[in-house]
Amino acid sequence: MKTCSYCGQSAPLTKEHIWPNCLIEKYESLLTYSKRESKFYKGDPTIKDVCAHCNNVLLSKLDSYLASLYDAHFHQILLPGEQASISYDHELLLRALLKVSFNSARADASEKVVKAHKGLINFMLHGGYRPPVELRLQIVTASRAINLNEGTEKFLEPRHLRCAEIPYDGPMSHRFVVRMIAINCYWFFLVLPYKNEPPHKWRDLVCGLTAWRMNLGVKLLPSVSTMIIPVNKTTYLQPTLLGNLVHAFHV
Ligand SMILES: [Zn+2]
C-alpha cells in the first residue's frame, strides 16, 4: 500500500484536488496547463496520494478558509486606481497557500522543489509555529484595453486560478524557490528555502527580490490581521508582467 504524502501513513489514498473544490466551483471553466506535456486541458488537476483523514479532516479546513477569503475578498475584480484590503489569519492563509503549492509541486515541479515543501508538512496539517517562509501579496488590477480602430475600450481582467513557479534568478536564487498562487487580482508569493538558511541569507534574498525585474508585492506580516494595499503598491495586468511569467500564464 502506498503512503500518504502528508502524514506518511499507509492507508487507502483518495483523490485530492490541487485547488480546493469549493474554489473551483466558482469558475465556469478552468484550463489547466500540464508542464510535462506542454499543453492545456480542460478541467481541474488532481493528485491521488493523500489519505482520507488528511484530505477530509485536516486539509479540508484550509480549503474552507480559502473559500471564505474568496467570498470576502478574492471574488472582486479590482479596477485600475482601486486600492485593496485583505483581512486574514496569517497562519491559516499561509497553511492554505502552502497546501495548494505543495499539491501543485507534486504534480509537476522538480524533486528539489517538492522537498522544499516537505519540511513544512507538519505546519500545513497542524500549524502552531512560525515556519521559515515569506508570504507576499501583489495586487494586480484589471487594465484598460483600448481598440483605436473600433474606438472601443474594455477591461482586461485577471480572472483565474494559477499556481506556478516564479523564474526568480537574482541573488540567492539557488537557495530559495519562489512560488506564486494567483487568485484573480490577489497574487500571493511564497518564498521557501531549500534548506534552513541563516538570517543574513534571508536578508540578501529579500534585497534581491526587492530589486528584481518583477514586483513581488508587499510582505504580509504575521502580526497584522488587516492589510490595506494603497494604489501605488498595486500593479495592473500588462504584457511585461505576463512576459515574466510566460510559462505560468496560458489563458
Ligand atoms: Zn495522511
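Model, not experiment: these values are computed from the prediction.
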Heavy-atom side-chain contact between [X] and [Y] under 4.5 Å:
X	Y	result
Val100	Leu66	yes
Leu205	Pro193	no
Thr235	Asn215	no
Tyr236	Val140	no
Pro131	Phe123	yes
Leu98	Leu192	yes
Cys163	Arg179	yes
Val178	Ser173	no

Problem set entry | Asn196 CG: over 12 foreign heavy atoms closer than 6.0 Å |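 Incorrect, the count does not exceed 12.
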Exercise. Does atom CZ of Arg130 have more than 12 heavy-atom neighbours from other groups under 6.0 Å away?
Worked result: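 No - once you tally the heavy atoms of other residues, nucleotides and ligands closer than 6.0 Å, there are 12 at most.
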Problem set entry | ILVMFWY cluster membership beyond Val206 - transitive side-chain contacts under 4.5 angstrom |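 The other cluster members (ILVMFWY side chains, heavy atoms under 4.5 Å, direct or chained): none.
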Heavy-atom donor-acceptor pair, [X] side chain to [Y] backbone, under 3.5 Å:
X	Y	value
Tyr6	Gln9	no
His90	Leu220	yes
Asn184	Phe74	yes
His126	Asn122	no
Arg175	Tyr194	no
His73	Ser87	yes
Arg136	Gly217	yes
Asp89	Glu91	yes

Same cluster or not: [X] versus [Y], using hydrophobic residues (I, L, V, M, F, W, Y) connected whenever any side-chain heavy atoms lie under 4.5 Å apart?
X	Y	value
Phe188	Ile228	no
Leu79	Ile229	no
Trp187	Leu156	yes
Val224	Val133	yes
Ile18	Ile24	yes

All N/O donor-acceptor pairs, side-chain side in residues 51-62, below 3.5 Å, sequence neighbours left out:
unit_1: Asn55; atom_1: ND2; unit_2: Thr14; atom_2: OG1; d: 2.9
unit_1: Asn55; atom_1: ND2; unit_2: Lys15; atom_2: O; d: 3.2
unit_1: Asn56; atom_1: ND2; unit_2: Ala52; atom_2: O; d: 3.4
unit_1: Ser60; atom_1: OG; unit_2: Asn56; atom_2: O; d: 2.7

For residues [X] and [Y], report the shortest heavy-atom separation together with the two atoms involved.
X	Y	value
Glu165	Ala109	OE1-CB, 4.2 Å
Thr141	Pro80	OG1-CA, 3.7 Å
Gly81	Val231	O-CG2, 3.2 Å

For this session: Name all residues meeting the salt bridge (Lys or Arg N to Asp or Glu O under 4.0 Å) criterion together with Glu157; count only those two or more places apart in sequence or in a different chain, and write none if there are none.
Result: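 If we apply the salt bridge (Lys or Arg N to Asp or Glu O under 4.0 Å) test to Glu157, skipping adjacent residues, the hits are Arg159.
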Spatial distance of atom [atom1] ([X]) from atom [atom2] ([Y]) [nearest 0.5 Å]:
X	Y	atom1	atom2	result
Met124	Phe102	CE	CZ	5.5 Å
His75	Asp71	NE2	CG	7.5 Å
Ile183	Lys26	CD1	NZ	11.0 Å
Ile86	Met227	CD1	CE	9.0 Å
Leu92	Tyr65	CG	OH	5.5 Å
Met172	Leu209	CE	CG	11.0 Å

Exercise. With sequence neighbours left out, what residues match Asp49 under side-chain hydrogen bond (donor to acceptor under 3.5 Å, both in side chains)?
Worked result: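 With sequence neighbours excluded, Asp49 shows a side-chain hydrogen bond (donor to acceptor under 3.5 Å, both in side chains) to Ser5, Arg106, given in chain and number order.
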Problem set entry | Modelled atom types, side-chain donor and acceptor of Trp19 and Asp63, under 3.5 Å |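 Judged by distance alone, the side chains do not pair up.
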Just list the side-chain donor-acceptor pairs under 3.5 Å for residues 112-121, sequence neighbours left out, or say none.
unit_1: His117; atom_1: ND1; unit_2: Val113; atom_2: O; d: 2.8
unit_1: His117; atom_1: NE2; unit_2: Ser101; atom_2: OG; d: 2.7

Exercise. Which of parallel (below 30°), tilted (30 to 60°) and perpendicular (above 60°) describes Tyr168 and Trp212?
Worked result: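 Judged by the thresholds at 30° and 60°, the geometry between Tyr168 and Trp212 is perpendicular.
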Exercise. Partners of Tyr88 by ring-ring contact (aromatic ring centres under 6.0 Å, His included), sequence neighbours excluded?
Worked result: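 Tyr88: no ring-ring contact (aromatic ring centres under 6.0 Å, His included) contacts found.
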